[in-house]
Amino acid sequence: MSSITVPLHAVAHGRAGDKGNRSNISVVPYLPDAFPHLKAQVTEARVLELFRHKGASAVTRYELPNLPAMNFVIDDALEGGVNSALCQDLHGKTLSFLLLGEMTVTVPVACVPAGSRYLQDK
Amino acid sequence: MTKKVYIGSGAGFAGDRFDAGAPVVETLGRMDGPRYLIFEVMGERTLAIAQRIKMRNPDKGYSPYLDHYLTGVLALCREHNVRIVANLGNANPIGGAKRVHELAKELGIEGLRVAIVEGDDLLTFMSADEVGSLPTVEGLSIDGKEIVAANVYLGARPVAAALALGVDIVLVGRTTDAALVLGPLIHEFGWAEDDWDRLAAGTVAGHLLECGGQVTGGYFCDPGFKDVPGMADLGFPVAEIDEMGGIVIGKAANTGGMVTRATVTEQILYEVHDPANYLTPDVTLDITGVTLEDAGKDRVRVKGARGKPPPETLKATVSADGGFLGEAELTYAGPNALARAKLAADIVTTRVKRRITDTGIRVEVIGAGAVFDNDRSERLAGDNRPLDGEYRLRAAVRTQDKAEAQYLTDEVLSLFCSGPAGGGGFRCSVLGQVNTSSVLLPRGPVEARSRAIEVTP
């Protein structure tokens, strides 16, 4: 089966939430078959690397295979959060799209929903 | 047939739509069983602001939007026998209850009964020093700062006690958001204090409802990837819960939005950290075994929540004065706009740093990846963005000194005549801030004081 390298946004969606200076970002595959590929590739270390410039110090990944989904908890990712951040987005609500847009994954083409513009671009 | 309780949401945060509740009440009115409408409109900051308002006027300090949310639904709820549970009480539930009575009178509704839950305000039984010495688990240390508000998160039991008084409306101050849903369920089903799995199910239902439209396609849609119909008339959620803890999430009839496994999945993880240990005063929730099933159009069944005993301590939010946030913006557009915006950023940085030396500032270019960047614009520095386009300079500072915050905005304004060519669209604000921290305290003294009381006109 042929593979494709795409931003995570092509195969998953997610939502960011905040508590203090900690962000949590869910990653939910559009198609359940993508889940094992995401587990293998969207690692704590790679996520930490994406948020290090914001001050992130640690990432914990929780897996929810029934849904299926993963939940990333990123410590110190919010430049102080609502108390002290100077960023426009004090809560880091936009950060789900930093993860979805800048993390790339290599998956079987069948893991990308049919009709996705990421398939048309190729 | 198993008894079912129907609970809908009319608002999911302090700035939510004022007109979402009416279609929810109409839908609830067609259900066969006890019906409730909740409003979750309280943030940590809204509470601190309300506390300040109450200090100036003891009759105020309830939600400033109480009239906005209730005016359109009060008569409808009466007609359809829907009881309201809302944290519109904010820093002053009694004041809020009195306003509800006035509003009912203005609307020609007679005999409305209102109860409140009190006991969340720590400053009514602890000194500021005592509050300041509680262990901080999250946020800034409030040690040495002037405390504006200190409120403990109450659980669902006092909400159930308020409903047991037989009232039409319960106004609370600080409770967990999920308690607005779990309270009615405990009242209706009589779930025991150690019936962990059912308390867990009720908490999941609360977690899914508490953000209103976030479970029905709001904050979800992404055109071309996650399309949601009728976003301008987003329907808010209506859940049915049975006495075994079975949950179906649906939404108001004849509205936009949608309920799918995907919308529910995003919301079930929203602001959750360890999904096996979501702490509340009523139960420690474990959602790792939760499964979602399609149960018809815009209906998703939620199963498998498990519960464990809650922690020995309760969480409280303490708010202190947070100085000022000054922000200013100016747009550059067309050919070479990025170069002009970057030069403007350099000019502002140079001038502001001459005066503001004791605190950091952030000067950045919106349109060039600013929100994903850090205070030092390190990502932009390594980027190769088009010079032509539309870019917006933004400068920000936090300081205890209002004049310093104003100074930063003045420096952006001065670019009109003394900066790069073609800047326009200046906007600025200097706003007072609240700092919050989460602290832990023992249950005993709080539970001994929390109680439900009816407030008469």
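Every chain is numbered from 1 and lettered A, B, ... according to where its sequence line falls, protein lines coming before strand lines.
- Each side chain to side chain donor-acceptor pair (under 3.5 Å) pair with one or both residues in residues 89-111 of chain A, not counting sequence neighbours, appears once here: Thr5(A)-Thr106(A), Asp89(A)-Thr94(A), Lys93(A)-Tyr270(B), Glu102(A)-Arg379(B).
- Heavy-atom distances place both the backbone and the side chain of Gln88(A) under 4.5 Å from chain B.
- Of the listed residues Glu378(B), Arg376(B), Arg261(B), Gln267(B), the one with more heavy-atom pairs under 4.5 angstrom with chain A than any other is Gln267(B).
- Chosen from Thr60(A), Val27(A), Leu86(A), the residue pairing most often with chain B at heavy-atom distances under 4.5 Å is Leu86(A).
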Let's go through Gln214(B) and Arg15(A) carefully: what are the C-alpha distance in whole Å and the side-chain angles of both, what is the deciding distance for side chain to side chain contact (heavy atoms under 4.5 Å, CB included) to 0.1 Å, and is it a yes or a no?
CA-CA 10 Å; Gln214(B) 278 203 170; Arg15(A) 179 173 295 179; 3.5 Å; yes

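- The most heavy-atom pairs under 4.5 Å with chain B, out of Leu95(A), Val82(A), Leu67(A), Val28(A), come from Val82(A).
- Listed in order of number, the residues of residues 51-59 of chain A that approach chain B to under 4.5 Å between heavy atoms are His53(A), Lys54(A).
- Rounding to the nearest 0.5 Å gives a distance of 7.0 Å between CG of Leu90(A) and CG of Leu325(B).
- We find the SG-CG distance between Cys87(A) and Asp375(B) to be 8.0 Å, quoted to the nearest 0.5 Å.
- With a 4.5 angstrom heavy-atom cutoff, Arg398(B) touches chain A via backbone and side-chain atoms both.
- No more than 12 heavy atoms of other residues, nucleotides or ligands shown are found within 6.0 angstrom of CZ on Arg427(B).
- Note that CD of Glu271(B) and CG of Asn71(A) are 11.0 Å apart. Values are rounded to the nearest 0.5 Å.
- Ranking Ile268(B), Asp373(B), Val264(B), Val397(B) against chain A, the residue ahead of the rest is Asp373(B), based on heavy-atom pairs under 4.5 Å.
- Among the candidates Ala396(B), Ala276(B), Gly322(B), Pro275(B), the residue making the largest number of heavy-atom pairs closer than 4.5 Å to chain A is Pro275(B).
- Only the side chain of Glu138(B) comes within less than 4.5 Å of a heavy atom of chain A; its backbone N, CA, C and O stay farther away.
- Remark: Gln433(B) CD to Ser84(A) OG distance equals 10.5 Å, nearest 0.5 Å.
- Contact count against chain B (heavy-atom pairs under 4.5 Å) is highest for Gly14(A) among Ala69(A), Ala10(A), Gly14(A).
- In terms of heavy-atom pairs under 4.5 angstrom with chain A, the leader among Val371(B), Thr265(B), Thr288(B) is Val371(B).
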Acceptor/donor pairs from residues 215-223 of chain B side chains to any protein atom, 3.5 angstrom cut, sequence neighbours excluded:
from: Thr216(B); atom 1: OG1; to: Gly213(B); atom 2: O; distance (Å): 3.2
from: Thr216(B); atom 1: OG1; to: Gly235(B); atom 2: O; distance (Å): 2.7
from: Asp222(B); atom 1: OD2; to: His9(A); atom 2: NE2; distance (Å): 2.6

For Ile287(B) and Leu64(A): C-alpha separation, side-chain torsions, deciding distance, then whether side chain to side chain contact (heavy atoms under 4.5 Å, CB included) applies.
CA-CA 8 Å; Ile287(B) 58 167; Leu64(A) 298 104; 4.2 Å; yes

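- Residue Arg45(B) qualifies as enclosed at atom CZ: its count of foreign heavy atoms under 6.0 Å is above 12.
- Counting heavy-atom pairs under 4.5 Å between each of Leu98(A), Asn83(A), Asn66(A), Asn21(A) and chain B puts Asn83(A) at the top.
- By the 4.5 Å heavy-atom criterion applied to side chains, Tyr62(A) and Leu269(B) are not counted as neighbours.
- Contacts classified as salt bridge (Lys or Arg N to Asp or Glu O under 4.0 Å) and involving residues 16-26 of chain A (residues at least two apart or in different chains) are given here: Arg22(A)-Asp75(A).
- When each of Phe97(A), Tyr30(A), Tyr118(A) is tested with Phe225(B) by the rule ring-ring contact (aromatic ring centres under 6.0 Å, His included), just one qualifies, namely Tyr118(A).
- Val73(A) and His273(B) make their closest contact through CG2-CA, 3.7 Å (heavy atoms, listed as atom of the first residue, atom of the second, distance).
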